[in-house]
Amino acid sequence: MKEEHVSDLATRIVHHAYVPPAGFEAPQPGVFKASTVIFPNVAAMRSREWKDKSGYTYGLHGTPTTFILEERLCTLEGGLQCVLVPSGLAAIANVSLALLAPGDEVLIPDNAYGPGKDLAKGELARFGITHGFYDPLDPADLAARISPATRLVWLEAPGSVSMEFPDLCELVRICRARGVTTALDNTWGAGLAFAPFDLAGDGGLGVDISVQALTKYPSGGGDVLMGSAITRDPALHMKIKLTHMRLGLGVGANDAEAVLRALPSIGLRYRAHDQAARHLARWLQAQPAVAQVLHPALEGAPGHTHWQALCGGRGDAQDGAPGLAAGLFSVVIDARHSQQQVDAFCDALRLFKLGYSWGGPMSLVVPYDIASMRSRAAPHLKPGTVVRFSIGLEAVQDLQQDLQQALERAFAPG
Ligand SMILES: *Cc1c(COP(=O)(O)O)cnc(C)c1O
């Protein structure tokens, strides 16, 4: 089958070309492990180049296993170059340190992944790099905050925990017009819900860098930590790659193989997580203890129209749930219920386990204190306590029953 005739991403990932050892072609590529790579002679040692992947020099600079994973992730996200790092947070750090110098400023959405904000407040501040937080639902706020010192703008769609979906196209246009580099945390979209390098669908508008926590859906197991930073510009990639090399951010071949093994099923898994999450989110909307459901594919949710515009045409509409979204959403438990009751609700869940991260087979729940995570008030959120759910691959009826019994136990009147 000729690759250009295959438009479906799942097919392209399963049939992604690689060069197997002679006489050993198998469905999955092998695991190649090395710190040391042996050169045939001194001339080869001196001349071999790792930066453009034309040769292998040292395990930290890549192996056949990591090179294949990088190429497949580029296929997934529509990028051309990729670096792999030991976690999603390391990808945010790698990009930040590659592009920012003392005196520079980075702008971060107020609802961004928390540890990325801590990176700016802690490490970047120590190096004389300033930061600001903008309102992702207000493009004018971003436009007003960009100064001559602004070198990098982070984007996230939707934001972590509170799940507001921004007008990504407009935010990118604003940054482009001002010559500011954009980096998207694309962990939620995973390359499936929308195309980060082709936001308008005509190839004309895209982010400069797409970062993912491969820890989530690409790994799919809740058992691997890894991150990626993908670009379409060789010069930008080289900056990230050089910082990557200087910081020594290599990944292990067994972990890379775990992601390679999970990648062919990412589309199926994503759709299954999505369908179950939307079913449960709608069901939770009707529960008396729930003041608000924060899921970008639900009508009325913050930024829903932006989700609709960007992701609404993806996926197949045959199941009555058009568009694509991750299996992640939050609810606001009504303010009349105490924190103790919310904690009791989380504790009462049996199938939903208490734990961080998401994207694995097991459903997870975490209560959050949103006020402590924001630099300003969020009037679009109803008063109450936010609880985030990551919907796994269990049967959706079992998850609904689990939610129901925990709601009854924690919030029953009297
Ligand atoms: C989990 C996550 C990260 C960080 O990934 P780790 O591999 O846990 O470091 C970054 N961004 C988002 C949106 C995430 O959900």
Side-chain angles (χ1 to χ4, degrees), residues 69 73 77 82-97 106 108-124 133 136 152-166 168 182-194 196 207 209-230 244 247 249-252 255-256 258-259 262 266 270 273-274 277 294-296 303 307 311 325-330 355-360 362-366 368 370 373 386 388-392:
L69 179 55
L73 291 168
E77 292 207 66
C82 175
V83 299
L84 296 174
V85 291
S87 70
L89 183 55
I92 297 172
N94 189 155
V95 168
S96 300
L97 291 169
V106 56
I108 302 170
D110 204 25
N111 59 0
Y113 178 68
K117 293 164 90 173
D118 293 338
L119 169 83
K121 292 183 201 163
E123 301 309 305
L124 300 184
F133 299 116
L152 178 64
V153 169
W154 280 99
L155 306 157
E156 201 173 317
S160 283
V161 185
S162 46
M163 310 298 294
E164 301 93 343
F165 209 98
L168 210 50
T182 51
L184 169 72
D185 183 332
N186 195 28
T187 305
W188 181 92
L192 296 162
F194 61 91
V207 300
I209 303 159
S210 177
V211 157
Q212 259 201 74
L214 305 176
T215 309
K216 309 293 167 54
Y217 290 121
S219 135
D223 55 354
V224 174
L225 286 158
M226 201 179 293
S228 57
I230 293 184
H244 177 266
L247 292 174
L249 297 174
V251 302
D255 283 347
V259 180
I266 189 172
Y270 196 88
H273 289 292
D274 177 14
L294 304 168
H295 186 311
W307 172 84
C311 315
L328 194 70
F329 67 90
S330 296
Y356 295 108
S357 200
W358 44 278
M362 191 179 282
S363 292
L364 300 172
V365 61
V366 184
Y368 283 96
I370 283 282
M373 297 158 66
V386 170
R388 189 187 72 182
F389 300 100
S390 163
I391 306 306

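Whatever order the structure lists ligands and atoms in, that order sets their numbers, starting from 1.
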As an exercise, identify every atom of ligand 1 less than 4.0 angstrom from a heavy atom of [X].
X	value
G88	4 (C), 5 (O), 6 (P), 7 (O), 9 (O)
L89	4 (C), 5 (O), 6 (P), 9 (O)
A213	2 (C), 3 (C), 4 (C), 5 (O)
T215	6 (P), 7 (O)
K216	1 (C), 2 (C), 3 (C), 14 (C), 15 (O)

query = Which pair of non-hydrogen atoms, one from V85 and one from H244, has the smallest distance, and what is that distance?
reply =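 Closest approach of V85 to H244, heavy atoms only: CG1-CD2, 3.4 Å.
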key: Contact summary for A93 and L119, nearest pair of heavy atoms   =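 That closest heavy-atom pairing would be CA-CD2, 3.7 Å.
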Ring geometry between F165 and W188 (parallel below 30°, tilted from 30 to 60°, perpendicular above 60°) =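 Judged by the thresholds at 30° and 60°, the geometry between W188 and F165 is perpendicular.
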query = Does CE in M362 sit with more than 12 non-hydrogen atoms of other residues, nucleotides or ligands closer than 6.0 Å?
reply =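 Result for CE/M362: open.
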Tell me which part of [X] gets within contact of ligand 1: side chain, backbone, both or neither, using heavy atoms under 4.0 Å.
X	value
W188	neither
S160	side chain
T187	side chain

message = Keeping N186 on the side-chain end and Q212 on the backbone end, is there a donor-acceptor pair under 3.5 Å?
response =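 Not a single qualifying donor-acceptor pair exists.
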key: Non-hydrogen atom of E156 closer than 4.0 Å to ligand 1   =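 Checking ligand 1 against E156, which is what was asked, there is a heavy-atom contact under 4.0 Å.
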query = Among the heavy atoms of W358, does any lie under 4.0 Å from an atom of ligand 1?
reply =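 W358: in contact with ligand 1 (<4.0 Å).
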inquiry  = Please check whether D185 reaches ligand 1 - meaning an N/O of the residue sits under 3.5 Å from an N/O of the ligand, judged on distance alone.
reply    =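 By distance alone, the answer is yes.
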request  = Find out whether L124 and L97 are in side-chain contact, i.e. whether some heavy atom of one side chain is under 4.5 Å from a heavy atom of the other.
outcome  =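 Yes, their side chains come closer than 4.5 Å.
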